[in-house]
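Here's the structure, in C-alpha cells; my notes come after.
First listed ligand is number 1; within each ligand, the first listed atom is number 1.
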Amino acid sequence: MSDGGPAVRRLSDWDREHLLSLADEFGSPLYVTDLRRVRENCLRLREAFPEAHVSYAVKAHTGQAVLETVRDAGLDAECASAGEVERALDAGFPGDRLRYTAVNPPAADLDHVVDRWEANPEMTVTVGAEDTIDRLADRGFDGRLCLRANPGVGAGHHEKVTTGGHAKFGIPIDRVPSIAERVRDDFDLVGVHAHAGSGISGDDLSAHRELVRRMGDLARAIDGLEFVDVGGGFGVPYHDDEPPLDLAAVADATREALGDTDAQLAIEPGRYVVADAGVLLSAVNTVKEVPETTVVGIDAGMTTLLRPAMYDAYHAISNLSRPDAEAVSTIVAGPVCETSDVFAEDRAVARPERGDVLAIGNAGAYGYEMASTYNSRPRPPEVVLDDDGARVARRRETLDDITTLERTASEQLPN
Ligand SMILES: *Cc1c(COP(=O)(O)O)cnc(C)c1O
C-alpha cells in the first residue's frame, strides 16, 4: 500500500500532547479534523476499487476543508440536499463530479438544484420515486438521471441507519426496468443506485453481497447504463478491539456479487472517509462519586455529538490529561437535562479530575454535522490539521449567532 496509511487510526494513535495543546489554545469542546487522514482514507478506497467510480457522501462532514481535500484526492461528491450541492460547488467540484440524491425532496431543493443544473448540465440527479421524476420534468429538467432502487435488503449498525429495505427509500426494484423504459426518451438515463444503510462490516458481508447481486441483475436488465451505484455504508471500527474493515475483501465480494456488467461500478461512502479523521475534545466540569460509579460531567453533550444519544453509538474515550492514572469505571455525561445525554456507561477511564481533557474518538463522521443548539448551547469550533499546521476551519458559535434569527425576524420575506 502506498500512501493510504494504516487501515484504521485509533484514538490512541493521535498525538496526545498536540491534542492537549489544541484544547488549551482553542478551548473546549473542540472538534479536531486531520485532513491528512481524510486523504489517506480516500486513497485506500481508490486503491481497493481502482475500476470503480468513487464518490464521497458529503453529509458525513460538509466542512469546506474536508470537501476540498476529498476533491483533490479524486473522489466525486454525492449530495443529499440543495445546501450540500451548494457547498460542493463552493468547494470546487465541477458539475460532472457532482450528484444530487433526492429523498422526498422539498420543492425548494428541487428549484435550487434544477437552477444549478442549468449552469452545470453534467450534474447527475438520483431519484427514488416516480413522483420526483415528474416534479423534475415540471421544472424543465431533462439531464442525467439515475434511478434509486429499493433492493429489499438493508444493513446497518442500528435500525435507524438501515435504509435499503425501508419503503421510504427508492423505487421497488422490480419496477425499475419499466420506469427506465418510460423515462428514457425524456431524460439522459445514466445509472441505477441503491444504498443499504450504514454498517458493511467484515464479519458479515452477506447483506452487502445480496444487495450488489440484485443491483447487478438490475443493471443487466437495462440497456446503456453508464454506472451501477451500490451505495456507501462502509463500516469503521468504533470499538478499539474491532478489526478494521478489510477493504480488499469488500471489493472482491462486491465485484463477485455484481458479475459482468457494461455499467461501471460506483460506490459512495461517507463515514469511511472522515470518521477516524476526527476527534472531539471536551473538558471535565464535574466529578461526582456515587455508590455504584463515578459520574464524569463534561462540557460536550448530545448537542455536540449526537450519535450516542441517537444510535446508542459507542465512541472510544480517553483522558488525555492523565496517561498514567489508574482507570476507574465511569459514566461520562453531558450537560443537557436528558437521560440520553450520556456518552458512555460503565466505561473505564483514567481517573478523571475537574479540568482534565477527554478525547472522544471517531468523531469525524456525523459529528459536527448533527450538532444542534438545543439548550441554547452554541456549537463548538473545528480545527483542521494538515502538513502546514493547525487552523480554525469553523469558529465557535456564540449566543449572539443563535439569537440573531430572532433579532432579525422582521427580515423574513413573505413566502
Ligand atoms: C448517507 C448516505 C451514504 C453514506 O453512508 P455512510 O454510511 O456514511 O457511508 C451514501 N449514499 C446515500 C444515498 C446516503 O444517504
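- Ligand 1 has an N or O atom lying under 3.5 Å from an N or O atom of Arg271, backbone or side chain.
- Here is the list of ligand 1 atoms found below 4.0 Å of a heavy atom in Gly232: 9 (O), 10 (C).
- Every atom of ligand 1 is numbered from 1 in the order shown, and the set under 4.0 Å from a heavy atom of Glu268 is 3 (C), 4 (C), 10 (C), 11 (N), 12 (C), 13 (C).
- Ligand-side atoms of ligand 1 in range of Pro269: 9 (O), range being under 4.0 angstrom from any heavy atom.
- With hydrogens and angles left out, the side-chain atoms of Glu397 and Thr373 include no donor and acceptor closer than 3.5 Å.
- Identified under the salt bridge (Lys or Arg N to Asp or Glu O under 4.0 Å) test for residues 335-346, with sequence neighbours left out: none.
- For Asp111, the salt bridge (charged side-chain N to carboxylate O under 4.0 Å, His left out) partners are Arg139, not counting sequence neighbours.
- Remark: side-chain polar atoms of Asp386 are not paired, donor with acceptor, to backbone N or O of Gly389 under 3.5 angstrom.
- Interface atoms of ligand 1 facing Ala57, defined by a heavy-atom separation under 4.0 Å, are 3 (C), 4 (C), 10 (C).
- Geometrically, ligand 1 and Lys59 share a nitrogen or oxygen pair separated by less than 3.5 Å.
- Contact annotation: Ala80 has no heavy atom less than 4.0 Å from any atom of ligand 1.
- Here Ala60 has no heavy atoms under 4.0 Å from ligand 1, in either its backbone or its side chain.
- Counting heavy-atom neighbours within 6.0 Å of Arg220 CZ, excluding the residue itself, gives a total above 12.
- In this structure, a donor-acceptor pair under 3.5 Å is absent between the side chains of Asp109 and Ser81.
- Annotation for ligand 1: atoms under 4.0 Å from non-hydrogen atoms of Gly270 are 4 (C), 6 (P), 8 (O), 9 (O).
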Set out, in order, the CA-CA distance, both residues' side-chain angles and the distance that settles ring-ring contact (aromatic ring centres under 6.0 Å, His included) for Tyr368 and His61, then state yes or no.
CA-CA 7 Å; Tyr368 190 97; His61 188 306; 7.3 Å; no
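- Interface atoms of ligand 1 facing Tyr366, defined by a heavy-atom separation under 4.0 Å, are 1 (C), 4 (C), 5 (O), 6 (P), 8 (O).
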